[in-house]
Amino acid sequence: MHFVLTINQRDSRDVGDLVPDLIRTLRHLPAAVPFQRTVGDEAQGVLTDAATAVDAALTAVRERRWHVGIGVGELAVPLPADIRDARGFGLVYSRRAVERAQRSGDRIPLAVEGPDAELAGEAEAVLRLLGLIVAARTGAEWKVLDLMTPGARGQQKFVAQELGITAQAVSKAVVRSHWTEEWATRPAAARLLGLVYGPASLPPAALPYGV
């Protein structure tokens with residue numbers, strides 16, 4: 001099973017080409033095919049882990065400048081180094097998802113497509129709720145959160161020292177940003193995303209792209 005993310009820039013005419021910045025931001029994630037530019041203001045990558053796919057999607061949502069499409073499905077193996085040489089249903093679903101995200105006009109333009117449409121819709125709903133949390137954060141909150149490690153104890157004092165602020169200010173930023181709630185919900189989003197593939201997947205009805 002593969003998770004294909006197609007991420008398309010929303011406002012390139014206004015702010016210029018941000019695809020290289022996006023690729024640099026995502027390059028730390030373990031990927032079967034690393035994120036790379038495909039055409040124009042778009043990047044694609046292939047992941048094999050649902051939690052990593054959630055991480056990549058929310059990283060893009062954070063910037064509030066991207067349409068995000070997640071396609072769940074198999075790709076032909078061995079996977080190529082260049083995403084443009086990949087083939088398979090995962091690419092079809094990813095293309096459908098990003099095109100739907102582009103048309104939606106939603107505040108969080110993120111869509112999920114896969115063999116099980118019902119579970120894809122549920123995964124999409126949870127990811128969009130998480131996206132609302134992530135996209136609403138301020139720059140000051142991100143200064144705190146970028147130094148935090150999920151699950152680690154006693155770190156707020158360290159973060160406060162690093163930033164030269166009080167531990168109380170760090171605590172308030174964590175509470176305001178719903179950081180704890182986000183990380184508690186991520187596993188549920190990843191589980192739903194993984195279930196989209198289904199026990200017995202069927203190919204898409206039409207195969208206009210990447211097969």
Side-chain angles (χ1 to χ4, degrees), residues 1-7 10 22 25-26 28-32 35 45-73 90 93-94 97-98 100-101 104-156 158-159 167 169-199:
M1 174 171 47
H2 298 103
F3 303 92
V4 182
L5 271 76
T6 303
I7 307 175
R10 300 169 66 179
L22 175 70
T25 300
L26 297 172
H28 71 285
L29 297 176
F35 282 91
V46 180
L47 311 172
T48 56
D49 177 69
T52 305
V54 170
D55 194 356
L58 293 180
T59 297
V61 168
R62 167 180 173 172
E63 302 301 324
R64 293 177 284 190
R65 295 191 182 280
W66 304 96
H67 303 102
V68 180
I70 304 175
V72 184
Y93 286 127
S94 185
V98 78
R100 184 159 58 82
S104 69
D106 293 328
R107 181 178 175 188
I108 304 299
L110 179 152
V112 178
E113 294 277 350
D116 191 318
E118 183 176 352
L119 283 170
E122 292 177 7
E124 178 181 310
V126 174
L127 283 167
R128 288 179 62 190
L129 279 173
L130 285 172
L132 285 171
I133 291 173
V134 169
R137 290 171 180 159
T138 66
E141 288 169 348
W142 278 117
K143 285 183 179 180
V144 171
L145 301 182
D146 282 339
L147 295 176
M148 300 282 289
T149 301
R153 295 189 175 185
Q155 59 182 321
Q156 292 191 12
F158 166 77
V159 172
V170 171
S171 178
K172 287 182 177 179
V174 170
V175 171
R176 282 196 311 268
S177 65
H178 302 292
W179 185 78
T180 303
E181 291 81 1
E182 175 205 338
W183 284 94
T185 307
R186 277 185 178 229
R191 178 172 174 78
L192 283 169
L193 202 56
L195 291 173
V196 171
Y197 185 65

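The analysis underlying the following values was restricted to heavy atoms, covering all of them including side chains, and did not include hydrogens, waters or symmetry mates. Note that the structure is a prediction, hence the values are computed from the model and not measured.
Closest non-hydrogen pair, Gly194 versus Ala50, comes out as N-CB, 4.1 Å. Shown here for Leu110 and Ala101, the closest heavy-atom pair between the two residues is N-CB, 4.0 Å. Between Pro30 and Leu47 the shortest heavy-atom distance is O-CD2, 3.5 Å. Ala97 and Gly69 get closest at one heavy-atom pair: CB-CA, 3.6 Å. Closest non-hydrogen pair, Val98 versus His67, comes out as CG2-O, 3.8 Å. Residue Ala56 comes nearest to Leu5 through the heavy atom pair CB-CD2, 3.7 Å, listed as atom of the first residue, atom of the second, then distance.
Considering CD of Gln156 and CG of Leu147, their distance stands at 12.0 Å, rounded to 0.5 Å. In this structure, NE2 on His178 lies 11.0 Å from OG1 on Thr185, to the nearest 0.5 angstrom. Atom CG of Leu132 and atom CD1 of Ile108 lie 4.5 Å apart (nearest 0.5 Å). Note that CZ of Phe35 and OG1 of Thr6 are 9.0 Å apart. Values are rounded to the nearest 0.5 Å. One distance of note links CG of Leu58 with CD of Glu63; it measures 12.0 Å at 0.5 Å rounding.
Taking 4.5 Å as the limit, some side-chain heavy atom of Val68 sits within range of a side-chain heavy atom of Ile70.
Legend: residues meeting side-chain hydrogen bond (donor to acceptor under 3.5 Å, both in side chains) with Arg107, ordered by chain and number and at least two apart, are absent. Residues satisfying the side-chain contact (heavy atoms from CB on, under 4.5 Å) test with Ala169, not counting sequence neighbours, are Ile165, Thr166. Take Glu122 and apply the side-chain hydrogen bond (donor to acceptor under 3.5 Å, both in side chains) test, not counting sequence neighbours, and it matches no residue. The side-chain hydrogen bond (donor to acceptor under 3.5 Å, both in side chains) test applied to His2 returns Glu74, not counting sequence neighbours. Taking Arg100 as the reference, Glu113, Glu124 meet the salt bridge (charged side-chain N to carboxylate O under 4.0 Å, His left out) condition, with sequence neighbours excluded. With sequence neighbours excluded, the residues satisfying side-chain contact (heavy atoms from CB on, under 4.5 Å) with Thr59 are Thr25, Leu26, Asp55. Take Ala51 and apply the side-chain contact (heavy atoms from CB on, under 4.5 Å) test, not counting sequence neighbours, and it matches Asp49, Ala190. Considering only residues two or more places apart in sequence or on other chains, Ala123 meets the side-chain contact (heavy atoms from CB on, under 4.5 Å) condition with Leu192, Leu193, Val196. When the salt bridge (charged side-chain N to carboxylate O under 4.0 Å, His left out) test is applied to Arg64, no partner is found at least two apart in sequence or on another chain.
Side chain of Ser94 to main chain of Gly90: no donor-acceptor pair is present (N/O by atom type, distance under 3.5 Å, no hydrogens or angles).
Residues in residues 142-155 take part in these side-chain hydrogen bond (donor to acceptor under 3.5 Å, both in side chains) pairs, two or more places apart or across chains: Arg62-Asp146. Pairs passing the salt bridge (Lys or Arg N to Asp or Glu O under 4.0 Å) check and including a residue from residues 132-141, sequence neighbours excluded, read Arg137-Glu182, Glu141-Arg176.
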- Message: For a side chain to side chain contact (heavy atoms under 4.5 Å, CB included) check, start with the C-alpha distance between Leu22 and Trp66, then their side-chain angles and the critical distance, and finish with the verdict.
- Response: CA-CA 10 Å; Leu22 175 70; Trp66 304 96; 3.6 Å; yes

